[in-house]
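Each remark here refers to the structure printed beneath this line.
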Amino acid sequence: QVHLVESGGGLVQAGGSLRLACEASGSTFTDTAPGWFRQAPGKQREWVAIISSSTFYADSVKGRFTMSRDNSKNTVYLQMNSLKPEDTAVYYCNVVMSGVVYWGQGTQVTVSS
């Protein structure tokens with residue numbers, strides 16, 4: 001059983017930064033392509049970033065967010081800079097292993113104007 005735990009969310013002013021972390025237990029991120037998603041109130045969950053041999057970002061966060069991984073800690077990160085109020089959402093990490101999709105419980109990010 002794979003268990004994902006996100007951390008690092010919080011309240012920040014517009015223009016500020018946060019660093020989210022997602023740690024996996026029960027398996028490793030090695031040879032997988034973990035991703036970050038977010039869901040704002042009243043909206044559908046949307047993809048934010050994914051990391052494999054390369055890293056890809058949604059247009060809305062490109063140039064502001066950076067996803068990275070530390071396989072020795074079995075953790076992926078999302079560095080979020082120049083945050084905007086529209087970045088307010090619950091952020092989830094996600095990974096597919098052996099055909100099964102796993103999600104973390106999410107971490108709240110709130111950006112005040």
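Only this structure's heavy atoms are used, side chains among them; waters, hydrogens and symmetry mates stay out.
Taking CD from Gln13 and CG from Leu83, the interatomic distance works out to 11.5 Å, rounded to the nearest 0.5 Å. The distance from the CZ atom of Arg69 to the OG1 atom of Thr55 is 8.5 Å, given to the nearest 0.5 Å. In this structure, the separation between CD on Glu46 and CD on Gln39 is 9.5 Å, given to the nearest 0.5 Å. Rounding to the nearest 0.5 Å places CG of Asn94 at 9.5 Å from CD of Glu6. The line from OG1 of Thr66 to CE of Met80 is 11.0 Å long, rounded to the nearest 0.5 Å. Taken to the nearest 0.5 Å, the CZ atom of Phe29 stands 6.0 Å off from the CE atom of Met97.
Contact of the Cys22 side chain with the Trp36 side chain is registered, since non-hydrogen atoms from C-beta on lie closer than 4.5 Å. Contact check for Ile51 versus Pro34: side-chain heavy atoms found under the 4.5 Å cut-off. With a 4.5 Å cut-off on side-chain heavy atoms, Val61 and Met67 do not count as touching.
In the hydrophobic clustering of ILVMFWY residues, with side-chain heavy atoms under 4.5 Å counting as a link, Phe65 and Val12 come out together. Residue Val101 is not grouped with residue Val5 when hydrophobic side chains (ILVMFWY) are merged at heavy-atom distances under 4.5 angstrom, including chains of intermediate members. Phe56 and Val76 sit in two unconnected hydrophobic clusters of ILVMFWY residues. Membership requires side-chain heavy atoms under 4.5 Å apart, directly or through other members. Cluster membership for Leu20 and Leu4, using ILVMFWY side-chain heavy atoms within less than 4.5 angstrom, is shared. The hydrophobic cluster containing Val48 also contains Tyr57, counting ILVMFWY residues as joined when their side-chain heavy atoms lie under 4.5 angstrom apart, directly or transitively.
For Phe37 and Trp103, the ring centers are positioned less than 6.0 Å apart.
Across all non-hydrogen atoms, the minimal contact from Leu78 to Ala49 is CD1-CB, 4.4 Å. Closest heavy-atom contact between Ala89 and Tyr91: O-CD1, 3.4 Å. In terms of heavy-atom proximity, Ser17 sits nearest to Asn81 at OG-OD1, 2.9 Å.
The backbone N or O of Val111 sits less than 3.5 Å from a side-chain atom of Thr88, completing a donor-acceptor pair. Between the side chain of Asn74 and the backbone N or O of Ala24 there is at least one donor-acceptor pair closer than 3.5 Å. The main-chain N or O of Lys73 is found under 3.5 Å from a side-chain atom of Thr75 such that the two form a donor-acceptor pair.
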Starting from the C-alpha separation in whole Å, work towards a yes-or-no answer on salt bridge (Lys or Arg N to Asp or Glu O under 4.0 Å) for Asp87 and Lys84. CA-CA 5 Å; Asp87 294 318; Lys84 305 175 181 180; over 6 Å; no
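Side-chain contact check for Ser25 and Glu23: no donor-acceptor pair (N or O, by modelled atom type) lies under 3.5 Å.
When the options Val2, Val96, Val95 are evaluated for a side chain to side chain contact (heavy atoms under 4.5 Å, CB included) with Thr32, the one that passes is Val95.
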